There are 2 protein chains.
Amino acid sequence: MNRRKVIALAGAGVVGAGAAAAGAAALTRDHEPATAGTSGAVDFYGERQAGIVTPAQDRLHFVAFDVVTKDRDRLVEMLREWTAAAARMAAGRDAGLIGAVGGIPEAPPDDTGEALGLPPSGLTLTIGFGPSLFRDADGVDRFGLAAQRPAALADLPRFPGDALDPKISGGDLCVQACANDPQVAVHAIRNLARIGFGTVSVRWSQLGFGRTSSTSTSQATPRNLFGFKDGTANLKAEEESLLREHLWVRPGDGPSWMEGGSYAVTRKIRMLVETWDRTSLAEQEAIVGRAKGSGAPLGGKDEFEEIDFTTKGADGQPAIPEVAHVRLAHPDQNGGVRLLRRGYNFVDGSDGLGRLDAGLFFISYQRDPHKQFVPVQTALARNDVMNEYIRHVSSGLFACPPGVREQGDFWGRTLFG
Amino acid sequence: MNRRKVIALAGAGVVGAGAAAAGAAALTRDHEPATAGTSGAVDFYGERQAGIVTPAQDRLHFVAFDVVTKDRDRLVEMLREWTAAAARMAAGRDAGLIGAVGGIPEAPPDDTGEALGLPPSGLTLTIGFGPSLFRDADGVDRFGLAAQRPAALADLPRFPGDALDPKISGGDLCVQACANDPQVAVHAIRNLARIGFGTVSVRWSQLGFGRTSSTSTSQATPRNLFGFKDGTANLKAEEESLLREHLWVRPGDGPSWMEGGSYAVTRKIRMLVETWDRTSLAEQEAIVGRAKGSGAPLGGKDEFEEIDFTTKGADGQPAIPEVAHVRLAHPDQNGGVRLLRRGYNFVDGSDGLGRLDAGLFFISYQRDPHKQFVPVQTALARNDVMNEYIRHVSSGLFACPPGVREQGDFWGRTLFG
């Protein structure tokens, strides 16, 4: 029974105590596999968490939480409740068994209701654990987890030019909600925050209105707010051997609880679009290293062609400048390391100085951020001429555990179980 | 030639100086009429501005500008440029004749590029003029317009409970961009800001991710972040005689330049969703006056039935409480006045206090806000029990002139021309 059916019943006046029983029906059901832009459901259960190689949905609501309890059991109980709610919402159902229009008028609804009548919309919910969950800013091991902290979860270094705001950085837990309907993504995060009341508190939250990456060869490369295709060389769901090498944590990589998981790095990158928009087309293309229209590398013809960084222009200089973004970020220039990116464009109103507060909420997944994101970002932070037009204002690092195998399993079982 | 065709050419490497000529082709073209959720185009030209009775699109980017020039001619020239760009973008084309990938590498692109390849997506752009354009905060009539200021554009009164932030209120000009793809709405506002650089400055800007109103009988009533259907009694595009009575400015209503226009009132209404979510279903329904599931008035059966405010419950009390939102806001309780609402849900991250910064960006259109919005909002501000869960944090009032009749006509011609 999905949300659409529940509301049909509610309209007919027959939803009462029975809704709880109906809501408790088996979690599995027939559904169409969701692809970008569709309304179907994505499987919540599996070996890996959904929302990593899932074809990138169109909209994002990302949230970081602080854990406000010191009670480990209470935290684990919340993770169990979250998992059950996440599975229901991914299937297009209410967050709770009773729902928004259930049979107990004297109790708060078990779902906030704004997604009533909306289909699953490809919703995925992906959880991650931040470094501070293992040892907080005061060095306290609140939950007895310090020995389980992977080396890969060591704090990121400060990069040249970083302008991070600590209020919108870090976090003990994160949840990434991606969906093809933003109301469905917002509804999911809001209901997890509701369920976690008293156990966790929202530290920061970010909406993204448009995907900037493809995570499947079936998807066209979208455009960022510089107007360019970016992330053409992104890891894709179909590249299984590359995913094994670069995305998923393997036995021997660190503590076993992360085997089959992946590490997320988030960066909120403010783009100074007003300055960019007054830059010539030729300069924009030189900074990016690609043609604005086709996305082809400079000196090339096709977006997806192998980039030849030795190509010279008519002036005898490299067709792709030494400091172009595409060169500095390319695996060939970074010891072959790859990332899986699934970032989103954002506009958060204006900045009080006459400009839009706009940019890229960068999300990357990888096997070890210190061997992948850190060296690439170090090269970019030092040399990328694009830095004149961007500011990194928030940063997050999260260990995303393996998938929830089946009903009864829960987010974090391998860590807490 | 729409954006999709331009990019196909760009990919084939044939876009050069010719793109400018192609971009300058006739503005009219065949298109499918857009409805909510579709990718087609909405006519830009017409007797009325689009974006008022147009079936409410799914996504919003609303912006208010300050005029930073004192030169009336420069302002008018910008309005002409904006109008041409708006017509092109509504048709799914680049903002400028040269485009993002045009033939002049040494010049900044004529379009920012992030909507390349995207269809028109039902984009409408609607302009309004704020009270401060006619006489600024210091009483200065910068543009010789003071005598043209309609009585209906007098500043709104302060309402009980108002918690307005002046930095995100008011504005000399506003543009409402609605579309079914948020990237198309963002692109449109950003390009108008780019074109207006040096003439106007962004004062505030608001994204809305989900429509909360229907403006056509063909649309289902969506849900706000309280999880309820709201605005069921909204004015609809099909109700022509009601629109003449309540929406469009008529001859004799004030200065003739507004004939055929309408007045917009915007209110950013923060919803304290965390508090709401801990309120019982029965209390939520009593506050709203409707069933959460079906949207039917309490004591009734169907969302769209005529509300009988005299119905008593089993306890002998009114089924719809005296202070329920639906009663206080209903035309029957407000001398029959009606509004056309086309608001949007928003989430602007978090508030630094552990809560989502979420709510409703309310937009209403009407023939005279002082006879329509003001009395209704006065009643709500005084008595609505929903006030415990909401805060009005921003307010805007704008005179939206009649439509742009044809190519060569421009936004504001009846005022400046």
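It should be emphasised that the depicted structure is a prediction, and the values quoted were computed from it without experimental measurement. In what follows, chains carry the letters A, B, and so on, assigned in the order in which the sequence lines appear, proteins first and then strands, with residues in each chain numbered from 1.
B:I104 is not listed as a side-chain neighbour of A:L281, based on a closest heavy-atom distance of 4.5 Å or more. The closest side-chain heavy-atom distance from B:H61 to B:S205 is below 4.5 Å. Residues A:D94 and A:D110 are not in side-chain contact: their nearest non-hydrogen atoms beyond the backbone lie 4.5 Å or more apart.
There is no contact between A:E274 and chain B, counting heavy-atom distances below 4.5 Å. Neither the backbone nor the side chain of A:D302 comes within contact range of chain B, judged by heavy atoms closer than 4.5 Å. Neither the backbone nor the side chain of A:D348 comes within less than 4.5 Å of any heavy atom of chain B. Contact annotation for A:E285: neither backbone nor side-chain heavy atoms come within less than 4.5 Å of a heavy atom of chain B. For a residue to count as touching a neighbouring chain, one of its non-hydrogen atoms must lie under 4.5 Å from one of that chain's; by this rule B:D66 does not touch chain A. Looking at A:T112, the atoms closer than 4.5 Å to chain B (heavy atoms on both sides) sit in the backbone and in the side chain alike. Contacts between A:L207 and chain B at a heavy-atom distance below 4.5 Å involve the side chain alone, from C-beta outward.
Of the possible polar contacts, one joining the B:T266 side chain to the B:G396 backbone as a donor-acceptor pair under 3.5 Å is found. Side chain of A:S394 to backbone of A:I168: a donor-acceptor contact under 3.5 angstrom is found.
Per-residue counts of heavy-atom pairs under 4.5 Å with chain B were compared for A:E303, A:E283, A:Q284, A:K167; the largest is that of A:Q284. If you tally non-hydrogen atom pairs under 4.5 Å between each of A:G227, A:P222, A:A115 and chain B, the highest count goes to A:G227. Per-residue heavy-atom pair counts under 4.5 Å with chain B were compared for A:A220, A:G295, A:S280, A:G113, and the maximum is reached by A:S280. Top candidate by heavy-atom pairs under 4.5 Å with chain A, chosen from B:G210, B:S201, B:A107, B:G99, is B:A107.
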Problem - Chi angles and distances behind the side chain to side chain contact (heavy atoms under 4.5 Å, CB included) call for A:Y389, A:M271 - result: CA-CA 6 Å; A:Y389 303 92; A:M271 290 172 160; over 6 Å; no
Practice task
Would you please test A:N345 and B:E114 for side-chain hydrogen bond (donor to acceptor under 3.5 Å, both in side chains) and show each step?
Solution key: CA-CA 10 Å; A:N345 295 322; B:E114 70 270 27; over 6 Å; no
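Contact detail for B:C178 and B:Q57: the closest heavy-atom pair is CB-OE1, 3.1 Å.
A tilted orientation is assigned to the rings of A:F361 and A:F62, their planes being inclined by 30° to 60°.
Identified by a heavy-atom distance below 4.5 Å to chain A, the contributing residues of residues 186-194 of chain B are B:V186, B:R190, B:R194, in residue-number order.
Distance check: A:L272 CG to A:L356 CG gives 11.5 Å after rounding to the nearest 0.5 Å.
A search for side-chain contact (heavy atoms from CB on, under 4.5 Å) contacts involving A:F197 returns B:R278, not counting sequence neighbours.
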